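Reading through the structure tokens given below for one structure.
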Amino acid sequence: MEAGARLAFVMPLVVVLLLMIFSLGVRGVDVVVDGGGGGAAAARRRRVEVGVILDRRTWLGNISWACMELAVEDFYADEERASYTTALRLHLRDTRLDAVDAASAGVDLLKNVHVQAIVGPQTSAQAKFLAELGEKSSVPVVSFSANSPCRTASQTPYFIRTAWNDSSQAEAIASLVQRFNWRDVIPVIEDDDSNTRFIPDLVDALRNAEIRVTHRCKIHPSAGADDIKKVVLSLKEKWTSVFVVRMSYQLALSFFKHAKDEGMMGQGFVWIAAYGLTDIFDVVGSPAFDVMQGVIGMKPYVNDTKQLQNFRQRWRKMYKSENPGTTLSEPTLSGLYAYDTVWALALAAEKAGYVNSDFLLSEKNNGSTDFDRINTSNAAKKLQSTLLNIDFQGMSGKFQFQDMHLLSMTYEIINIVGEEQRVVGFWTPEFNISRGLNTKADVNEIIWPGGETTVPRGWLFPMNKTLKIGVPAKPGFSGFIKKEKYNFTGLCIEVFEEVLNGLPYKIPHDYVEFGNGKGESNGTYDELIYKVYQNDFDAAVGDITILANRSLYVDFTLPYTESGVRMLVPVQDQRQKTAWTFLQPLTADLWLGTAAFFVLTGFVVWFIEHRTNEDFRGPPVNQIGSVFYFAFSTLVFAHRQKIVNNLSRVLLVIWLFVVLILQRSYTASLSSILTVEQLQPTVTNLDEVIRKGANVGYLNDSFMPELLKRLKIDESKLIALDSPDEYNEALSTGRVAVVVDEIPYLKVFLSKYCHNYTMVGPTYKFDGFGFAFPLGSPLTAEISRGILNFTSSNRMAQLERELYNNRTCPDKDDSQTSSSLTLRSFLGLFIITGASSLLALFLHVVITLYNHRHDLSSASSSQSSWCGWFAILLKIFHEGDRPNAPQLDEPAVSNANTTADTPWSTPDHHIIENVDSGSDVESVREEDREDFVQGPDPPSFAYMHSERGQ
């Protein structure tokens, strides 16, 4: 249906044009080349008529016709084909490049010659008409130079292209661009039918490789010098410096001449010549080399076989004889395609067998012209189907059709250096871009425009351009952005300038305030970003937060500040001093545990000292008092009792160490409770604010309202604030309960009001501040790399200290409050002293029993009841040795045996009975004791042991 509609539209126009041409008698020159040759065998061959439509006034037409003549001669001169029963007869119509001339020649060939195939046309505009004629008559139209007029082969089933598919060239170009990491490309093409299919294929291939096509430049075929110069100047203003060029030779020569005059053939630029242009160096020669130095191009790879070398020699001899003074030394690739096309038709004609031409006037179609009454040709249909299955090794390489094109194989990458086309690499479907056909090695060194060997980065700062940078008005937080007359200062400006200074090239730029001229903002930050998107600004520099919705309109650099949003809340002192504040340093379990160990230690010392130390003897009430007095007096190291037992002394040293630590810890904790402010935030999370229905402050013109709405805070509770002073006023008066803002702003505020406020709550993650550039701007990556280098330097740390006035305000959280000491904190000490007490108690019992083993053995023979044993143990404990008592002659207790001496025991020769306190004996004892105590030095343990031994 689509083809029929298109035919209905085109055919009337063709008919009218043909009638005008025929009426004027305009016809192409008829040149016939008979492939039958001479001899009897040649005479028997049936002729297959083939039409050829070329313009021999062009280099392409002239070269191609010469190749086709040689092809006919070579094919039928081969003895292997002497038995062929068919022979091609070529009918040349030497027309101009005009599409109407080609159409008239096609009608003539169909109507008068009854050709079974048409070779040509030469241009894509001619192909559009001839393809319709081929479909009407079922005659294959074979072209080795023109592109298909449609993007799909099904739309033009009788148009066959004996050249490689441009789609494969597009993939090769995309692979080359991707190999050098260029992210943007601008195609520069001639605005004619030859690029109708190539440009969509190229754009698709580039996009599949994630390469942007930011602009397409089209030049009309008839463009003059001024028009071409305007195009070159427009390209000069672009950021992208990678260009893919495809146009006719004369237009390309003029274009590159203007590009060279404008300095665009120098350092930093990349020019890629697509196939269709790369033959310019063979055809035009030195003028093309002179203006295209450093250009890289794509050409189908042709293996330089011995057969090809011989063909070049024969072609050169023939061509120069017909065209004296030519500079061409060998046929172009299009000429080789023309040669192979003739061979393919000859092979197809033989395989199809001779069928008499059957172009008969249709009796059903009673049109007004002979063209309307031409019927389809069965012979041509058979030739077309046979041709598509032809497969042989031709001069240009493997000749095999795929999707109505020759099968694409390998492209070679050339580099123009001097007057030489250096092959620097290849593209193959298997290895992509590589140095050789069967290797993955990198391409050879390329000499780029300007004679540089360093790979261009793919973009250049536009010549004669000054960046217009939008800067937000920031009256409240001037540390970030501040305008002083005509200059801008602040952290954001300083960072941007430092990054620009670190680039290897200069970027002229001017700052323009996004304000109303009165120091106030001219809109929100989102509106500033949209100005960049609309190209009102070339960039935006300031305290601009990187957000997902903003990144849809601009490209952000990496952040140069810390990220996140937190709450700012007032703090208040939680201290409550009462009559019982002194109990707060220790928890209840620590108080109880400490008291228990005091009692335990006092009891163990009393138990050990009771037998040998008079200070721990007496009435039960006095002894109980001595235990508690001694234990608790150690708290302040005020105990006066004399310790005579070594076990008690060791135990006491350990206990005093524990007491010392407890005492110091208690003192420190109590001092902190009484003197240090225990500041606590009034609010800890937003849920509490929502429950109370309190107001929430935020920075004006920021993105905070949208965030707070997502956090389910009523919009009516939001209050916009502009400066740190307004933050302080609103929080101190209770107008707002909290302020929600980004961390950098809160740090600036706390550097001024640190004492009364703090940051609390979770940190809502955002990407921090960044610089905004238009989508696809190459400066984004350059500035981002500069930010990475700068933020790790000392200069960035210095700028942050200046922003925060060299002050840091720590969070006032629970870590700053004084908590009570717990039993767990001293558990290790209590385990040590408890174990020491139990061990000392155990050793004392063992030693005492050992010293009175004779008494126990005597008692065991006379006592058998438990009561008796208990009485003996009590007697031993209560009537033990007292080495600090005076030696008096008193009757000994009956059945008291002398105990054996041990290192842990004291002399036990006398047992003194109790005497009334008012007797003379008691007085003597007191005097003797006084004399004993007041002696110069008490006897040592070794001395006492030796005396007892004596």
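Predicted model only: the values in this text are computed from it and were never measured. We're numbering straight along the sequence, starting at 1. Worth knowing before you read on, the calculation uses all heavy atoms, side chains too, and leaves out hydrogens, waters and symmetry mates.
- Each of V232, L235, I272 was scored for a side-chain contact (heavy atoms from CB on, under 4.5 Å) with V188, with one residue passing: L235.
- Ring to ring, Y411 and Y275 are not that close: their centroids are 6.0 angstrom or more apart.
- Of all heavy-atom pairs spanning Y339 and L70, the tightest one is CE1-C, 3.9 Å.
- Interatomic distance, CG of D201 versus CG of N165, reported as 6.5 Å (0.5 Å rounding).
- When atom types are taken as modelled, the side chain of Q293 and the backbone of G418 share a donor-acceptor pair closer than 3.5 angstrom.
- Comment: D74 engages R314 in a salt bridge, judged by a side-chain N to carboxylate O separation of less than 4.0 angstrom.
- Taken to the nearest 0.5 Å, the CD1 atom of I63 stands 10.0 Å off from the CD atom of E330.
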- Task: Show the numbers, then the answer: is there a side-chain hydrogen bond (donor to acceptor under 3.5 Å, both in side chains) between E419 and S286?
- Result: CA-CA 7 Å; E419 293 199 0; S286 296; 3.0 Å; yes

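- Checked against the 6.0 Å centroid criterion, the rings of Y249 and W59 qualify as a close aromatic pair.
- Between the side chain of K382 and the backbone N or O of A352 there is at least one donor-acceptor pair closer than 3.5 Å.
- For the atom pair CD1 of I447 and CG of N415, the computed distance is 6.5 Å after rounding to the nearest 0.5 Å.
- Contact check on R96 versus D55 returns no salt bridge, with no Lys/Arg side-chain nitrogen under 4.0 Å from an Asp/Glu carboxylate oxygen.
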Apply salt bridge (charged side-chain N to carboxylate O under 4.0 Å, His left out) to D108 and R93, showing your working.
CA-CA 9 Å; D108 174 57; R93 293 295 183 265; 2.9 Å; yes

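- Distance CD1/I160 to OG/S143: 11.0 Å, rounded to 0.5 Å.
- In this structure, Q307 CD and M395 CE are separated by 4.0 Å, a value rounded to the nearest 0.5 Å.
- Under 3.5 Å, the side chains of T214 and D184 contain no donor-acceptor pair of N or O atoms.
- Annotation: F256 is in aromatic contact with W271 [ring centroid separation under 6.0 Å].
- When each of L388, L407, L406, N389 is tested with Q400 by the rule side-chain contact (heavy atoms from CB on, under 4.5 Å), just one qualifies, namely L407.
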